[in-house]
Amino acid sequence: MSVPEVVVHHDGPLLAKAVAARLVTALVDSAAARGSASVVLTGGGIGTAVLTELAVAPARDAIDWRHLDVWWGDERFEPAGDPERNETGARSALLDHVDVDQRRVHPMPGPDGPDGNDPEAAAARYAGWLAAATRPEDHGPVPSFDVLLLGIGPEAHVASLFPGMPALYDERPVVAVRGSPKPPPTRLSLTLPSIRAAREVWILASGAEKADAVAMALSDAGPVQVPAAGARGRQRTLFLLDRDAAAKVPPQIGRQGPH
């Protein structure tokens with residue numbers, strides 16, 4: 001796994017703009033290299049803010065949206081269109097405003113999906129979709145995502161992998177999470193092995209309430225206690241932070257910024 005790099009921006013709005021610009025470059029480069037690109041989206045305040053900035057970025061049309069595969073790292077097990085769903089926020093912020101191929105947009109199923117109110121079956125279905133999208137060079141059950149975006153919770157959870165949960169031991173690509181400490185209690189989530197399949201993992205954090213979690217994620221803590229410490233990309237791991245979220249980053253960690 002890659003060694004994390006830390007990039008610090010002045011505040012949350014600048015962070016969102018900078019990540020949007022970085023995402024344009026990454027997806028354009030990936031499409032040029034492989035003929036298509038893939039991104040795994042996250043929800044939360046800063047994750048949605050990035051998508052909002054991407055939708056209005058002057059360079060957004062450099063992305064070949066028709067050849068972009070869109071996945072999610074986790075999802076609240078709620079019906080399509082529910083305001084709690086990460087998909088709902090992503091569509092409103094970005095996907096409804098660009099020319100994506102809807103066949104290449106892959107939201108996680110909810111209780112109104114083909115498996116009904118069975119999150120374990122829905123997780124297995126999503127794992128099947130991921131497997132079907134793999135290429136021979138992926139060497140695993142999920143694609144080598146070009147960029148996988150993650151938020152981080154105050155207790156250092158990523159996706160819907162919370163400290164101490166059985167899902168952190170799970171080797172399956174996608175799991176159902178029951179009893180989430182944050183509502184709603186039932187969710188679907190990629191597991192750490194799926195997250196680590198990504199070429200690049202970008203962990204986004206804004207605000208002083210994230211400073212302790214960011215510091216723990218950059219420590220030598222184990223992923224069962226600190227799930228974000230196990231979220232690493234194969235080629236690159238970026239912690240993209242504002243100054244408040246970076247306030248407790250250990251001084252020995254190399255960083256760029258603030259911008």
Side-chain angles (χ1 to χ4, degrees), residues 1 4 40-48 71-79 82 84-87 89 106-111 113 115-131 140-142 145 148-198 201-205 207 209-234 237 239 245:
M1 293 188 294
V40 180
L41 300 182
T42 185
I46 190 63
T48 303
W71 304 90
W72 274 265
D74 74 318
E75 188 56 276
R76 288 80 180 268
F77 195 63
E78 301 290 342
D82 189 286
E84 290 283 333
R85 280 179 63 88
N86 292 333
E87 176 203 359
H106 310 281
M108 289 182 166
D115 301 297
N117 198 27
D118 185 343
E120 284 77 17
R125 182 176 297 275
Y126 204 67
W129 294 347
L130 287 163
V142 302
F145 310 112
L148 187 148
L149 301 171
L150 291 170
I152 181 171
E155 73 301 272
H157 86 267
V158 288
S160 284
L161 303 174
F162 293 86
M165 280 199 154
L168 290 160
Y169 298 95
D170 209 305
E171 295 292 318
R172 291 174 295 174
V174 187
V175 292
V177 173
R178 295 180 182 269
S180 162
K182 286 181 63 179
T186 306
R187 298 155 176 249
L188 304 184
S189 182
L190 298 186
T191 57
L192 286 178
S194 294
I195 290 170
R196 293 173 185 148
V201 168
W202 300 1
I203 296 176
L204 317 178
E209 70 277 8
K210 303 294 179 72
D212 286 329
V214 168
M216 289 190 294
L218 288 165
S219 72
D220 293 326
V224 173
Q225 294 77 31
V226 182
R232 300 291 186 264
R234 288 191 295 110
T237 304
F239 277 73

- Measure the shortest side-chain to side-chain distance between L188 and P109 over non-hydrogen atoms and say whether it is less than 4.5 angstrom. yes
- side-chain contact (heavy atoms from CB on, under 4.5 Å) between M108 and E87, worked out: CA-CA 8 Å; M108 289 182 166; E87 176 203 359; over 6 Å; no
- Message: Strictly distance-based, threshold 3.5 Å: is any side-chain N or O of R196 a donor or acceptor partner for the main-chain N or O of R232?
- Response: no
- Residue pairs, two or more places apart or on separate chains, that pass side-chain hydrogen bond (donor to acceptor under 3.5 Å, both in side chains) and touch residues 158-168: D74-S160, S160-R187
- Note on the structure: Taken to the nearest 0.5 Å, the spacing of F239 CZ from L150 CG works out to 9.0 Å
- Message: To the closest 0.5 Å, what do you measure between CZ (R234) and CG (L148)?
- Response: 12.0 Å
- Message: With heavy-atom distances below 4.5 Å as the criterion, would you say the side chains of V226 and S219 are in contact?
- Response: no
- Query: Rounded to the nearest 0.5 Å, how far does CD of E75 lie from OG1 of T186?
  - Reply: 12.5 Å
- Task: To the nearest 0.5 Å, tell me how far R172 CZ sits from T191 OG1.
- Result: 9.0 Å
- Task: Take F77 and V177, measure what side-chain contact (heavy atoms from CB on, under 4.5 Å) needs, and give me the verdict at the end.
- Result: CA-CA 9 Å; F77 195 63; V177 173; over 6 Å; no
- Does S194 reach the main-chain N or O of P173 with its side chain, forming a donor-acceptor pair under 3.5 Å? yes
- Message: Does any part of the side chain of R85, heavy atoms only, come nearer than 4.5 Å to the side chain of P107, both counted from C-beta?
- Response: yes
- Query: Salt bridge check: are D82 and R76 linked by an N-O gap of less than 4.0 Å?
  - Reply: no
- Task: Applying side-chain contact (heavy atoms from CB on, under 4.5 Å), run through L130 and L190 and close with a yes or a no.
- Result: CA-CA 10 Å; L130 287 163; L190 298 186; 3.9 Å; yes
- Measure the shortest side-chain to side-chain distance between V201 and I195 over non-hydrogen atoms and say whether it is less than 4.5 angstrom. yes
- Query: Which pair of non-hydrogen atoms, one from H106 and one from W72, has the smallest distance, and what is that distance?
  - Reply: O-CE3, 3.4 Å
- With a 4.5 Å limit on heavy-atom distance, are the side chains of M165 and H157 in contact? no
- Task: Might you work through the side-chain contact (heavy atoms from CB on, under 4.5 Å) test for E120 and R178, ending with a clear yes or no?
- Result: CA-CA 10 Å; E120 284 77 17; R178 295 180 182 269; 2.9 Å; yes
- Hey, can you tell me if Y126 and W71 have their rings parallel, tilted or perpendicular (30° and 60° cut-offs)? perpendicular
- Item | Where A156 and P227 come nearest, the two heavy atoms and their spacing | O-CD, 3.4 Å
